[in-house]
Amino acid sequence: MTKPNDRWNARLYQEQHQFVWQYGQDLLELLNPQAGEVILDLGCGTGQLTQALAEKGVRAIGIDRSSQMIEQAQRNFPDLEFLVADATNFSLPMLVDAVFSNAALHWIPQADAVLSCIHRVLKPGGRLVVEFGAKGNVAQIVAAIAVGLEILGKPRPHPWYFPTLGDYTTRLENQGFWVNYAMTFERLTPLTNGDRGLENWLKMFTQEWLGDLSEEEKKQLFQRVETQLKSTLYDQGNWFADYCRLRIFATKF
C-alpha cells in the first residue's frame, strides 16, 4: 500500500522498471565522481544509482519525495544516507561537490524552485549532471492517453515537465549556472515484462495523471492505448516507450 499523497509503488518500480536506473549508468560516466566527494542523488528512487555512486568512493546522499521509495532504498542499502525531501524546497547540513539526477526532474514542473535549491547546496564550481524527459518525450503514449480520456469524457492535460533544451538551459543560466554540455536525443526504450510491458508502465507512471479514474475506467483506457500503439510501439512480444531525453552538465558560478 502506498501512503496518502505518495503516488509511487516502490515494489513495482524496483521489480519491473529496472531500465530506469540501468540507463542512468551512462550518466555516471559524465559525472565522473571522484573518491572523497560528497554527491547528492536527487530523486534517488530505490537507491541503485546512489549505491553506484558510493562504490566510487564518494559520500552519496539520496533524497526523494516519496517515502515509499526512500523506505525501499534504505532496505536495499542500509549503510547509505537517504532522506525524504521535496526537490522544490530542501536543504542539507553541508555543501556538496555535485548533484546528480536521473529520470526525476520531469515529475516536477516547478523547475526554477528546484534549480534554486540545487544551486544553494552546491559548492562554488560544483557540478550538476541531470537527465530527464525532453519536449516530445513519450509523445505517442501521451497522445493515445489523451484520446482515451476524451472517449471517457474526462480530458485533462498531462502533469509532466518536458522542456526544450533552450528553455532549460536558459533557466540554468538565470539561476547562476554555466552550461558546459547540453543535448537532446531520442531513445526507443524496451519495457520489461513482455506483453504486459506497456500496461505496467502505465500503472507505474500515470498515477498522478489518472489516479482519480475508477479501476474499470483505467482498464478500458489502457486497452485503448495498447490498441492504438500496437502498430508502432510493439514488436515481437515486447513493448517500447518513445523516450526523448535531455542531458545536461552544468557548473555553479
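The basis for the numbers below is simple: all heavy atoms, side chains too, and nothing from hydrogens, waters or symmetry mates. What you are looking at is a predicted structure, and each value in this text was computed from that prediction instead of being measured.
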L28 and L49, any side-chain heavy atoms less than 4.5 Å apart: yes

Contacts of F82 that satisfy ring-ring contact (aromatic ring centres under 6.0 Å, His included) - sequence neighbours left out: none

Qualifying salt bridge (charged side-chain N to carboxylate O under 4.0 Å, His left out) pairs, either residue in residues 133-152, two or more places apart: none

Pairwise ring pair (Phe, Tyr, Trp, His ring centres under 6.0 Å) hits with a residue in residues 126-157, at least two apart: F132-Y168

Side chains of R247 and Y181 in contact at under 4.5 Å (non-hydrogen atoms): yes

V99 and V129, any side-chain heavy atoms less than 4.5 Å apart: no

Selection residues 221-244 - residue pairs positive for salt bridge (charged side-chain N to carboxylate O under 4.0 Å, His left out), sequence neighbours left out: none

Intermediate values then yes/no, ring pair (Phe, Tyr, Trp, His ring centres under 6.0 Å), W107 and F205: CA-CA 10 Å; W107 305 113; F205 296 119; 5.7 Å; yes

Residue pair L53, L31: steps toward the side chain to side chain contact (heavy atoms under 4.5 Å, CB included) verdict: CA-CA 10 Å; L53 285 168; L31 176 66; 3.5 Å; yes

Set of salt bridge (charged side-chain N to carboxylate O under 4.0 Å, His left out) partners for K218, sequence neighbours left out: E215

Hphob cluster co-occupancy, F77 + L40, side-chain heavy atoms under 4.5 angstrom: no

D41 side chain reached by I63 side chain, heavy atoms, under 4.5 Å: no

Side chain proximity check, V84 to D64, heavy atoms < 4.5 angstrom: no

In one Ile/Leu/Val/Met/Phe/Trp/Tyr side-chain cluster, 4.5 Å: I39, L80: no

E55-Q51 side chain donor-acceptor pair, cut-off 3.5 Å: yes

Residue pair V179 / F249, side-chain heavy-atom distance below 4.5 Å: no

CA sep, side-chain torsions, deciding dist, call: N180, I248, side chain to side chain contact (heavy atoms under 4.5 Å, CB included): CA-CA 8 Å; N180 306 79; I248 300 279; over 6 Å; no

Within residues 76-85 or reaching into it, pairs that qualify as salt bridge (charged side-chain N to carboxylate O under 4.0 Å, His left out) - sequence neighbours excluded: R59-E81

Side chain to side chain, V58 and V38, heavy atoms closer than 4.5 Å: no

Donor + acceptor pair across side chains of Y161, D167 (<3.5 Å): yes

K219 and E199, any side-chain heavy atoms less than 4.5 Å apart: no

For F177, ring-ring contact (aromatic ring centres under 6.0 Å, His included) partners two or more places apart: H119

Sequence-distant partners of F253, ring-ring contact (aromatic ring centres under 6.0 Å, His included), two or more places apart: none

Salt bridge (charged side-chain N to carboxylate O under 4.0 Å, His left out) involving E186 - partner list, sequence neighbours excluded: none

Pairs meeting criterion salt bridge (charged side-chain N to carboxylate O under 4.0 Å, His left out) with involvement of residues 111-120, two or more places apart: D112-R171

Interatomic distance, T164 atom OG1 to L246 atom CG [nearest 0.5 angstrom]: 8.5 Å

Salt-bridge contact E37-K123 (side-chain N to carboxylate O under 4.0 Å): no

Linked hydrophobic residues, V147 as query - side chain contacts closer than 4.5 Å: I151

Side-chain H-bond candidate by donor/acceptor type, Q48 with T46, under 3.5 Å: yes

Evaluation steps, side chain to side chain contact (heavy atoms under 4.5 Å, CB included), between L128 and V130: CA-CA 7 Å; L128 171 63; V130 301; 3.5 Å; yes

Sequence neighbours excluded - ring pair (Phe, Tyr, Trp, His ring centres under 6.0 Å) pairs with any residue from residues 27-48: none

Side chain to side chain contact (heavy atoms under 4.5 Å, CB included) between C44 and I70, worked out: CA-CA 8 Å; C44 63; I70 291 298; 3.7 Å; yes

